[in-house]
Protein chains: 2
Amino acid sequence: MDLGENELDAARLGAAFDRVVRLLRRSDLPGDLSQVAASTLYTLVHHGPSRLTALATAEHVTQPAMTQMIGRLEAAGLVSRGADPDDGRAVVVEVTDAGRELSARRRAARAVVLAELAERLPAPDLEALQNAVAALEHLAALGDQPPAP
Amino acid sequence: MDLGENELDAARLGAAFDRVVRLLRRSDLPGDLSQVAASTLYTLVHHGPSRLTALATAEHVTQPAMTQMIGRLEAAGLVSRGADPDDGRAVVVEVTDAGRELSARRRAARAVVLAELAERLPAPDLEALQNAVAALEHLAALGDQPPAP
DNA sequence: TATTGTTATACTCTATAACTATA
DNA sequence: TATAGTTATAGAGTATAACAATA
């Protein structure tokens with residue numbers, strides 16, 4: 001592999017991500033949100049009301065897929081759809097209180113699974129993870145394409 | 001939140017994982033494996049031939065779902081099915097050379113995406129990530145339920 | 001004309017229930 | 001009886017193509 005001093009072993013990191021994510025799926029209860037639905041809800045909670053096309057772009061799914069997913073989320077009472085007063089074509093999607101609660105509950109459930117696993121890690125590993133939390137957030141933010149409102 | 005000195009902020013870490021995984025989906029090409037298919041292939045590569053039920057358990061999907069997924073992987077030439085000489089009911093699944101290659105290529109594609117993102121991180125973040133790779137692998141290994149052969 | 005969103009259609013993937021075959 | 005696996009069926013989720021309405 002021949003990694004330099006400050007070079008990241010992306011292959012190992014990527015594989016580790018895959019495996020951790022597989023673990024986190026354990027926290028997914030029956031009737032829970034799909035990955036993309038959860039991610040969309042998270043986006044709406046943190047970026048506020050957004051256009052349907054902007055959401056589709058941000059989540060990397062097609063416009064028809066987003067139309068249908070928003071339809072399901074709306075039927076479940078997790079989001080609401082409104083018109084854009086400035087553009088008659090546009091649909092503005094907003095998270096409801098129920099959507100906000102579900103999103104928070106999902107996040108908490110994943111945290112519990114993660115915390116249980118982390119308890120069994122040796123102290124140096126725990127410390128390394130703790131020190132990497134901010135870096136991971138920065139990494140995630142690098143790829144963020146916030147849904148332009 | 002009130003975190004102690006050596007306590008992990010699992011909620012933040014879990015959310016960061018979610019977001020990074022969403023980024024990695026960009027490396028998924030059309031015609032690529034599903035998440036579970038890729039994970040199953042990975043399991044077969046690293047744990048060797050396994051029973052269908054063991055795979056279903058390890059991947060947290062139902063037995064019928066695994067039956068069908070193995071059927072698709074077999075049709076694609078990525079795995080092969082054999083009989084267990086000791087148990088006439090059992091099916092033993094094994095990864096083929098083509099399956100091994102595809103699994104490696106997928107891992108490489110994700111690594112490229114990750115490396116491109118990491119290049120844009122400041123040095124301290126990069127270092128923190130680098131130092132956390134082993135810890136993440138240990139974390140993933142904690143939850144491993146190897147498919148008892 | 002270009003953009004926003006929907007409808008139509010088809011395919012993948014999953015789960016539950018009912019079944020067959022072996023232990 | 002219990003276990004390993006399959007088949008049947010229904011539903012979620014996705015994509016491409018064709019469409020309607022607004023800019």
Side-chain angles (χ1 to χ4, degrees), chain A residues 21-22 25-26 28-41 43-44 49-94 102 106 147-149, chain B residues 21-22 25-26 28-41 44 49-76 78-94 102 106 147-149:
Chain A
V21 165
R22 190 174 59 173
R25 195 174 315 161
R26 287 187 192 169
D28 292 350
L29 305 169
D32 201 359
L33 298 167
S34 72
Q35 172 69 36
V36 174
S39 180
T40 302
L41 220 49
T43 300
L44 286 171
S50 307
R51 283 196 179 190
L52 211 144
T53 299
L55 288 174
T57 302
E59 303 299 332
H60 306 108
V61 298
T62 61
Q63 211 172 59
M66 188 53 74
T67 293
Q68 292 177 39
M69 215 202 53
I70 292 300
R72 287 189 294 269
L73 290 178
E74 188 184 24
L78 302 172
V79 305
S80 64
R81 303 156 58 121
D84 183 337
D86 299 336
D87 189 337
R89 303 168 300 178
V91 168
V92 174
V93 184
E94 192 171 358
L102 182 58
R106 182 189 152 98
Chain B
V21 166
R22 191 174 59 174
R25 194 174 315 161
R26 286 187 191 170
D28 293 350
L29 304 171
D32 202 1
L33 298 167
S34 74
Q35 172 69 36
V36 174
S39 181
T40 303
L41 220 48
L44 286 172
S50 307
R51 280 197 180 190
L52 211 145
T53 299
L55 288 174
T57 303
E59 303 298 332
H60 306 108
V61 298
T62 61
Q63 209 173 60
M66 188 52 75
T67 292
Q68 292 177 39
M69 215 202 54
I70 292 300
R72 289 188 295 269
L73 291 179
E74 188 185 24
L78 302 172
V79 304
S80 64
R81 303 157 59 122
D84 183 337
D86 299 336
D87 189 337
R89 302 168 299 177
V91 169
V92 174
V93 183
E94 191 171 358
L102 182 59
R106 181 190 154 97

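In what follows, chains are A, B, ... by sequence order, proteins preceding strands, each numbered from 1.
- The listed nucleotides are D:dG5, C:dA15, D:dT14; the one nearest the side chain of B:R51 is D:dG5.
- The CG-P distance, from B:D84 to D:dT3, rounds to 17 Å in whole Å.
- Taking atom CE on A:M66 and atom P on C:dG5, their separation rounds to 11 Å, with Å as the unit.
- Between B:Q68 atom CD and D:dT7 atom P there is a gap of 9 Å when expressed in whole angstrom units.
- Among the heavy atoms of the strands lying under 4.0 Å from B:T53 are primed sugar atoms or P, OP1, OP2 only; no base atom is included.
- Put simply, B:R72 has no side-chain N or O that comes within less than 4.0 Å of OP1 or OP2 on C:dT12.
- For A:E74, the salt bridge (Lys or Arg N to Asp or Glu O under 4.0 Å) criterion is met by A:R81, not counting sequence neighbours.
- Considering only residues two or more places apart in sequence or on other chains, A:A37 meets the side chain to side chain contact (heavy atoms under 4.5 Å, CB included) condition with A:L33, A:S34, A:M69, A:L73.
- Within the 4.0 Å cut-off from OP1 or OP2 of C:dG5, not a single side-chain nitrogen or oxygen of A:T67 is found.
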Polar pairs (N or O, both sides) under 3.5 Å between protein and nucleotides 17-23 of chain D?
residue: D:dA23; atom: OP1; partner: A:G88; partner atom: N; Å: 2.8

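- Every residue meeting the side-chain hydrogen bond (donor to acceptor under 3.5 Å, both in side chains) condition with B:Q63, not counting sequence neighbours, appears here in chain and number order: B:T53.
- Look at CE on B:M69: it is 11 Å from P on C:dA15, rounded to the nearest Å.
- As a whole-Å value, the separation of A:I70 CD1 from D:dG13 C1' is 13 Å.
- Under the side chain to side chain contact (heavy atoms under 4.5 Å, CB included) criterion, B:A65 pairs with B:V61, B:T62, not counting sequence neighbours.
- Atom CD of A:Q35 is separated from atom C1' of D:dA12 by 15 Å (rounded to the nearest Å).
- Of the inter-residue distances, the one linking B:T40 atom OG1 with B:L78 atom CG reads 11.5 Å to the nearest 0.5 angstrom.
- Within 4.0 Å (heavy atoms only), A:S34 reaches sugar-phosphate atoms of the nucleic acid but no base atom.
- With rounding to whole Å, A:L52 atom CG is found 12 Å from C:dT7 atom P.
- Residues meeting the salt bridge (Lys or Arg N to Asp or Glu O under 4.0 Å) test with B:R72, sequence neighbours left out: none.
- The shortest distance between side-chain heavy atoms of A:I70 and A:M66 falls below 4.5 Å.
- In this structure, B:Q63 places its CD atom 16 Å from C1' of D:dA8, rounding to the nearest Å.
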